[in-house]
Amino acid sequence: MNGTMQMVLISDDADGVVSVAVEPELGYMAWAVAGTSPRIEKAYMNGANRELVVPLGVVQSPTAVTFDRQSKRIFFCDASIDMIMGVPVFPGAAPENRFVVQGVDIHPFSLAAFGASVYFADHRLRGVWEWPTQTSSANRIFRTDREPTSVAYYDSQRVTTANACAENRGGCAQMCLAVPGSRRCGCTASSVDACRPT
């Protein structure tokens, strides 16, 4: 992957995207939109099946979005209303499995979900915090004198991803785009005639 193969997946009503997350094993991507129409959306990784996950009015200024495959939720944070929310969105997710933190002294700017916890970078409290989703309080795991802007996790067990694109670009001539349970081939705009998606 050297950046020479590019294609537009979603362009309609996509102004103001501030964060993108991908879950290639399940074939999904999600994004947070700020600005005049703040919301959280998801789609297959080929741009199909676009769906509103968190509607207008629930979020005001989302700053980050991430997936948690284990709990089958999309997590996002909103810095203007100091909120973290996890919404069940994948097949098999329990609809009551919603997670919301709001009204406490946090100011989340970035987040990552792993296992039974959400990790977030907090501007006001100047550190990285862990919030176990089964508890009612957070634990600071890193303190800094600056405002942290990003947090991520690394899991050595998830370095390789099993999906239909994992080997030989899924048999695609240029790009392989994971979708739930399968894959779709994609082509750059400049080579559509030479590359036909299957």
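Just so you know, residue 1 is the first one in the sequence shown, and it goes up from there. Computed from heavy atoms alone, side chains included, the values below leave out hydrogens, waters and symmetry copies.
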> Charged N to carboxylate O below 4.0 Å: is that the case for Asp122 and Arg143?
Replying inline: no
> Quick one: does Asp68's side chain get under 4.5 Å of Glu23's, heavy atoms only?
Replying inline: no
> Do Tyr28 and Tyr44 have ring centres separated by under 6.0 Å?
Replying inline: yes
> Roughly how far apart are Cys187 SG and Gln174 CD, rounded to 0.5 Å?
Replying inline: 5.0 Å
> Is there a side-chain contact between Thr188 and Met175, using heavy atoms and a 4.5 Å cut-off?
Replying inline: yes
>> Would the distance check show the side chain of Ser110 and the main-chain N or O of Val151 forming a donor-acceptor pair, the cut-off being under 3.5 Å?
In response: yes
>> Looking at Ala32, is its backbone amide N or carbonyl O close enough to the side chain of Glu41 to form a donor-acceptor pair, meaning the two atoms are under 3.5 Å apart?
In response: no
>> For Ser61, is there any backbone N or O sitting under 3.5 Å from a side-chain donor or acceptor partner on Asp78?
In response: yes
> Ala152 and Ala112: which non-hydrogen atoms are nearest, and at how many Å?
Replying inline: CA-CB, 4.2 Å
>> With a 4.5 Å cut-off on side-chain heavy-atom distances among I, L, V, M, F, W and Y, is there a chain of contacts connecting Val100 to Phe67?
In response: yes
> Which pair of heavy atoms, one from Met29 and one from Met45, lies closest together, and at what distance?
Replying inline: N-CG, 4.0 Å
>> Give me the atom names and distance for the closest heavy-atom approach of Gly186 to Met7.
In response: CA-SD, 3.8 Å
>> Would you compute the distance between atom OG of Ser182 and atom CZ of Arg184 and round it to the nearest 0.5 angstrom?
In response: 4.5 Å
> In terms of hydrophobic clustering (I, L, V, M, F, W, Y; side-chain heavy atoms under 4.5 Å; direct or indirect links), are Val18 and Ile40 co-clustered?
Replying inline: no
> Looking at Val59, Thr66, Ile84, which one forms a side-chain contact (heavy atoms from CB on, under 4.5 Å) with Cys77?
Replying inline: Ile84
>> Evaluate Cys176 against Cys185 for disulfide bond (SG atoms under 2.5 Å apart), listing each step before the verdict.
In response: CA-CA 5 Å; Cys176 184; Cys185 294; 5.8 Å; no
> Can you tell if the side chain of Ile10 reaches within under 4.5 Å of the side chain of Arg50, non-hydrogen atoms only?
Replying inline: yes
> Please walk me through it: do Trp131 and Leu111 pass side chain to side chain contact (heavy atoms under 4.5 Å, CB included)?
Replying inline: CA-CA 10 Å; Trp131 196 299; Leu111 78 165; over 6 Å; no
>> If I take atom CG from residue Leu177 and atom CZ from residue Arg183, how far apart are they, to the nearest 0.5 angstrom?
In response: 10.0 Å
>> Name the residue from Phe109, Phe76, Phe120 that meets the side-chain contact (heavy atoms from CB on, under 4.5 Å) definition with Thr63.
In response: Phe109
> Can you name the nearest heavy-atom pair linking Val33 to Pro62, along with the distance?
Replying inline: O-CG, 3.2 Å
> Between Asn163 (side chain) and Ala178 (backbone), is there a donor-acceptor pair under 3.5 Å?
Replying inline: no
> Which heavy-atom pair separates Val58 from Ile81 by the least distance, and what is that distance?
Replying inline: O-CD1, 3.8 Å
>> Test your reading of the model: is there a side-chain donor-acceptor pair from Lys42 to the backbone of Val89, 3.5 Å cut-off?
In response: yes
>> Taking Ala48's backbone N and O only, do any of them form a donor-acceptor pair with Asn46's side chain (distance below 3.5 Å, no angle check)?
In response: yes
> Any idea which heavy atoms bring Val65 and Ala30 closest together, and the distance?
Replying inline: CG1-O, 4.0 Å
>> Using 0.5 Å steps for rounding, measure from the CG atom of Leu125 to the CZ atom of Arg140.
In response: 6.5 Å
> Is there a side-chain contact between Ser80 and Gln60 (heavy atoms, below 4.5 Å)?
Replying inline: yes
>> If you apply the rule side chain to side chain contact (heavy atoms under 4.5 Å, CB included), what do you find for Val53 with Arg39, and how did you get there?
In response: CA-CA 8 Å; Val53 175; Arg39 62 196 180 278; over 6 Å; no
> Is it true that the side chains of His107 and Asp82 contain a donor and an acceptor less than 3.5 Å apart?
Replying inline: yes
